[in-house]
Trainee: 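Mind having a look at this structure? Questions to follow.
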There are 2 protein chains.
Amino acid sequence: MEDEVDRLVAAWRRERPDLDVEPLEVLSRVSRLARHLDRARRIAFSEHNLEPWEFDVLTSLRRAGAPYQLSPGQLLTQTLVTSGTMTNRIDRLTKKNLVERLPDPSDRRGVLVRLTAEGRDKADQSLAGLLAQERAILRELSTQQRGELAGLLRQLTAPFDNTPG
Amino acid sequence: MEDEVDRLVAAWRRERPDLDVEPLEVLSRVSRLARHLDRARRIAFSEHNLEPWEFDVLTSLRRAGAPYQLSPGQLLTQTLVTSGTMTNRIDRLTKKNLVERLPDPSDRRGVLVRLTAEGRDKADQSLAGLLAQERAILRELSTQQRGELAGLLRQLTAPFDNTPG
DNA sequence: TTCAAGTGTCTTGACATCAAGATATATCTC
DNA sequence: GAGATATATCTTGATGTCAAGACACTTGAA
């Protein structure tokens with residue numbers, strides 16, 4: 001089945017036959033699929049009054065395990081947003097009583113963000129919903145294909161995740 | 001090489017052994033890789049005073065071929081943003097003299113957005129830069145692996161790209 | 001032990017995005 | 001060919017994000 005990137009690549013080959021646009025076959029699909037996923041998640045979460053960004057923060061804390069706390073800096077590397085954005089997110093989640101800020105006992109510059117009981121419930125409920133939705137999207141692929149795809153993607157993400165940048 | 005999603009999945013298996021989190025192996029990597037790509041593109045384009053969203057609109061028009069014009073609606077399906085966002089983008093690109101708005105001669109509700117000469121130059125220059133950057137990222141994979149990856153991703157994107165929604 | 005460099009978090013201001021709905025025109029049905 | 005419905009674009013208001021830099025504390029080197 002053809003997709004929008006097939007059309008995009010064909011258009012470039014017609015307009016710019018001098019360029020090798022093969023990289024777009026992979027990376028434009030990654031970008032576009034991510035946008036489709038964002039949209040789908042936004043719709044799915046809205047039924048539970050949850051924004052995607054709230055999900056990202058709450059589940060990062062949830063999977064840290066009891067006592068469900070991380071520093072803002074650790075949350076940055078998990079969510080790939082800037083520090084100003086994270087400060088703002090923590091403020092808003094605190095107002096909604098889903099997380100609380102505690103002083104870091106071992107570093108007076110630092111802070112720990114901890115999930116409240118309500119925040120933990122919300123994380124658990126929304127994760128189940130997300131997995132159901134993702135399973136539906138992945139029905140297109142066999143188990144083996146999903147494994148191959150995950151492995152190929154890992155090769156691309158690892159350099160980003162393992163360099164300080 | 002391990003990546004952040006490996007750690008994320010391991011954490012969920014420890015915290016929620018009752019759930020099957022296998023879907024995250026694929027789709028969390030897609031989302032995270034897209035964010036890394038956004039960051040990298042933002043940095044690369046900033047050298048040419050160009051924002052990623054400007055690139056998206058200008059190149060959509062560029063690859064449409066002469067006379068380099070599309071309706072706002074066609075631009076929506078290519079860029080996956082909302083109509084309000086596109087109106088705003090066209091306004092700003094018009095102010096920068098990179099595109100112009102023309103009435104659609106065959107539909108009085110409609111508008112055509114056309115690339116200016118300056119906009120066309122900018123699209124051509126920035127595409128070359130993007131491809132160079134993407135080639136560097138894809139060095140991790142063999143030619144054959146890139147083909148496999150593109151094919152697997154196509155299977156996931158096609159349903160989104162071929163349904164009205 | 002002191003001070004320079006590094007680190008962690010927050011503040012600020014500009015700006016891009018979204019959802020919802022308004023408006024104008026097209027198209028379809030009878 | 002008239003009215004109901006659909007479509008294309010824009011407007012509005014709220015909100016989330018970013019880059020840059022401020023501030024407080026920590027660390028390392030002499």
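So you know, we letter chains A, B, ... as the sequences are listed, proteins then strands, and number each from 1.
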Trainee: Transitively linked via ILVMFWY side-chain contacts under 4.5 Å: A:Val5 with B:Leu80?
Mentor: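 A:Val5 does not cluster with B:Leu80.
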
Trainee: When the C1' atoms of the five terminal pairs at each end define the local axes, what inter-axis angle does the helix from C:dT1-D:dA30 to C:dC30-D:dG1 show, to 10 degrees?
Mentor: 30°

Trainee: Starting at atom CD1 of B:Ile43, determine the distance to atom C1' of D:dA19, rounded to an integer number of angstrom.
Mentor: 11 Å

Trainee: What nucleotide among D:dT17, C:dC18, D:dT9 has an atom nearest to a side-chain atom of B:Val81?
Mentor: C:dC18

Trainee: Using a cut-off of less than 4.0 Å, is there contact between a side-chain N or O of B:Arg108 and OP1 or OP2 of D:dT9?
Mentor: no

Trainee: Could you check A:Asp56 against A:Thr79 for side chain to side chain donor-acceptor pair (under 3.5 Å), going step by step and ending with a plain yes or no?
Mentor: CA-CA 7 Å; A:Asp56 288 342; A:Thr79 57; over 6 Å; no

Trainee: Between C:dA16 and B:Arg92, is there an OP1 or OP2 to side-chain N/O distance shorter than 4.0 Å?
Mentor: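 Yes.
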
Trainee: Which whole-number value in Å describes the distance from A:Ile90 CD1 to D:dT17 C1'?
Mentor: 15 Å

Trainee: Using whole Å, report how far CG of A:Leu93 lies from P of D:dT15.
Mentor: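 Rounding to the nearest Å, CG of A:Leu93 and P of D:dT15 are 15 Å apart.
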
Trainee: I'd like to know if the side chain of A:Ser28 pairs up with that of A:Ser31 as donor and acceptor (distance under 3.5 Å, no hydrogens or angles considered).
Mentor: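 Side-chain D/A pair, A:Ser28 to A:Ser31: absent.
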
Trainee: Are OP1 or OP2 of D:dT9 and a side-chain N or O of B:Arg101 less than 4.0 angstrom apart?
Mentor: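 For B:Arg101, the contact criterion (side-chain N or O under 4.0 Å from OP1 or OP2 of D:dT9) is not met.
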
Trainee: Quick one: which of D:dA8, D:dA20, D:dT17 gets closest to the side chain of A:Arg89?
Mentor: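 My answer, after comparing the listed nucleotides, is D:dT17.
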
Trainee: For D:dT9, does the base pair up with any side-chain atom of B:Arg109 as donor and acceptor (N or O, under 3.5 Å, distance only)?
Mentor: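 In this structure, the two groups form no donor-acceptor pair.
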
Trainee: Tell me what A:Asp104 touches on the nucleic acid: a base, only sugar-phosphate, or nothing, going by heavy atoms under 4.0 Å.
Mentor: nothing

Trainee: Name the closest nucleotide to the A:Thr87 side chain, picking from D:dC18, C:dT9, C:dA19.
Mentor: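 Selected nucleotide (nearest to the side chain): C:dT9.
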
Trainee: Between C:dA26, D:dC25, D:dA20, which nucleotide has the shortest distance from any of its atoms to the side chain of A:Ser83?
Mentor: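 Among C:dA26, D:dC25, D:dA20, the one nearest the side chain of A:Ser83 is D:dA20.
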
Trainee: When you look at CZ of A:Arg108, are more than 12 heavy atoms from neighbouring residues, nucleotides or ligands closer to it than 6.0 Å?
Mentor: no

Trainee: To the nearest angstrom, how far is A:Glu51 atom CD from D:dA14 atom P?
Mentor: 16 Å

Trainee: Counting only side-chain nitrogens and oxygens, does A:Arg35 get under 4.0 Å of the OP1 or OP2 atom of C:dT17?
Mentor: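 Indeed not, no polar side-chain atom of A:Arg35 lies that close.
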
Trainee: Return yes if a side-chain donor-acceptor contact under 3.5 Å exists between B:Gln78 and B:Arg63, otherwise no.
Mentor: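 The criterion, which ignores hydrogens and geometry beyond distance, is satisfied for B:Arg63 and B:Gln78.
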
Trainee: When you measure from every atom of DNA chain C, which of residues 52-73 of chain A have a heavy atom less than 4.0 Å away?
Mentor: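 Correct list: A:Ser71, A:Pro72, A:Gly73.
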
Trainee: Do the side-chain N and O atoms of B:Asn97 and B:Thr116 include a donor-acceptor pair separated by under 3.5 angstrom?
Mentor: no

Trainee: Is the shortest side-chain N/O distance from A:Thr85 to OP1 or OP2 of D:dC18 below 4.0 Å?
Mentor: yes

Trainee: Taking the side chain as everything from C-beta on, heavy atoms only, tell me whether B:Leu58 gets closer than 4.5 Å to B:Ser126.
Mentor: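 Result no, sub-4.5 Å side-chain heavy-atom pair not found.
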
Trainee: Please confirm whether B:Arg7 makes a cation-pi placement over B:Trp12, using NZ or CZ under 6.0 Å from the six-membered ring centre and within 45° of the ring normal.
Mentor: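 Verdict for B:Trp12: no cation-pi partner in B:Arg7.
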
Trainee: Begin from the C-alpha positions of A:Arg32 and A:Glu4 and carry the test side chain to side chain contact (heavy atoms under 4.5 Å, CB included) through to its verdict.
Mentor: CA-CA 9 Å; A:Arg32 288 184 61 88; A:Glu4 192 66 30; 3.3 Å; yes

